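As the structure is a prediction and not an experimental result, all values here were calculated from the model.
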Amino acid sequence: MKNIHTKKAPQAVGPYSQGVLVNGTLYVSGQIPFVPETMQLVSEDIAEQTMQSLKNILAIVEEAGLKKENIVRCGVFMTDLSEFSKMNTIYAEFFGDHKPARAAVEVRRLPKDVLIEIDAIAVAS
């Protein structure tokens, strides 16, 4: 087991790792839309928050030596599913032809009152 840590994603603010690599499988902790350099929310816009969360995930995936195409599953947690189509558009643009399995659920509240949090699992080929 190897803990993954990068300055290109928001620092963990609790007792957890950004990611954990076990036997070729990377488990990425939920990423909120904070800009790593400032640890501040990217904006109040769901599209920008979605992209920032995905960029944070990719930074952790790449730190583990993997690529976007190694991501096999994402969990999307949103505070308002009426914004689903906006999130889905950005998500589709980010992944292109690669289509990981996904679950998307509405939750009452997320850390720092963000609109979205995304986690991921990636597997080495």
Is it the case that more than 12 heavy atoms not belonging to K7 sit under 6.0 Å from its NZ atom? no

Co-membership, hydrophobic cluster, residues I4 and V72, 4.5 Å side-chain: no

Any side-chain heavy-atom pair of Q40 and V35 under 4.5 Å: no

Give, for atom CG of L58 and atom CG of L66, the distance between the pair rounded to the nearest 0.5 Å. 10.5 Å

Does the H98 side chain pair with the main chain of I71, one donor and one acceptor, at a distance under 3.5 Å? yes

Nearest 0.5 Å, please: how far is NZ in K112 from CD1 in I32? 7.0 Å

For the CG atom of N88 and the OG1 atom of T50, what is their distance to the nearest 0.5 Å? 9.5 Å

S125: which residues meet the side-chain hydrogen bond (donor to acceptor under 3.5 Å, both in side chains) condition with it, sequence neighbours left out? N70

Specify the closest pair of heavy atoms between Q11 and T6, including all atoms of both residues, with the distance to one decimal. NE2-O, 3.3 Å

Indicate yes or no for a side-chain donor-acceptor contact from E62 to the backbone of I57 under 3.5 Å, with no hydrogens or angles considered. no

Look only at the side chain of Q49 and the backbone of S43, and say whether a donor-acceptor pair between them is shorter than 3.5 Å. yes

Please answer: with hydrophobic residues joined when any side-chain heavy atoms are less than 4.5 Å apart, are M78 and F95 in the same cluster? yes

With sequence neighbours excluded, what pairs up with N3 under the side-chain hydrogen bond (donor to acceptor under 3.5 Å, both in side chains) test? S17

Restricting to non-hydrogen atoms, name the atom on V114 and the atom on F34 that form the minimum distance, rounded to 0.1 Å. CG1-CE1, 4.0 Å

So CG of L26 and CG of L21: to nearest 0.5 Å the spacing works out to 5.5 Å

Would a single hydrophobic cluster contain both F77 and I116, if residues Ile, Leu, Val, Met, Phe, Trp and Tyr are joined by side-chain heavy-atom contacts under 4.5 Å? no

Closest heavy-atom pair and its distance - E117, P111: OE1-CD, 3.6 Å

I need the minimum non-hydrogen distance between Y91 and R102, along with the two atoms involved. CD2-NH1, 3.2 Å

State yes or no: do V76 and L110 share one hydrophobic cluster built from I, L, V, M, F, W and Y residues joined by side-chain heavy-atom distances below 4.5 Å, directly or via other members? no

How many angstroms lie between atom CZ of R108 and atom OG1 of T79, to the nearest 0.5 angstrom? 11.5 Å

Between atom CE of M51 and atom CD of E48, what is the distance when rounded to the nearest 0.5 Å? 10.0 Å

I118-L81 co-clustered via ILVMFWY side chain contacts under 4.5 Å: yes

Checking N56 side chain against P36 main chain: does a donor-acceptor pair fall under 3.5 Å? no

Sorted by chain and residue number, the side-chain hydrogen bond (donor to acceptor under 3.5 Å, both in side chains) partners of R73 (sequence neighbours excluded) come out as none

Given 3.5 Å as the limit, does a donor-acceptor pair link the side chain of K68 with the main chain of F94, or not? yes

Residue pairs, two or more places apart or on separate chains, that pass side chain to side chain donor-acceptor pair (under 3.5 Å) and touch residues 18-37: none

If the condition is side-chain hydrogen bond (donor to acceptor under 3.5 Å, both in side chains), which residues does D113 pass it with, not counting sequence neighbours? R109

Return the set of residues passing salt bridge (Lys or Arg N to Asp or Glu O under 4.0 Å) with E83 (not counting sequence neighbours), or none when no residue passes. K86

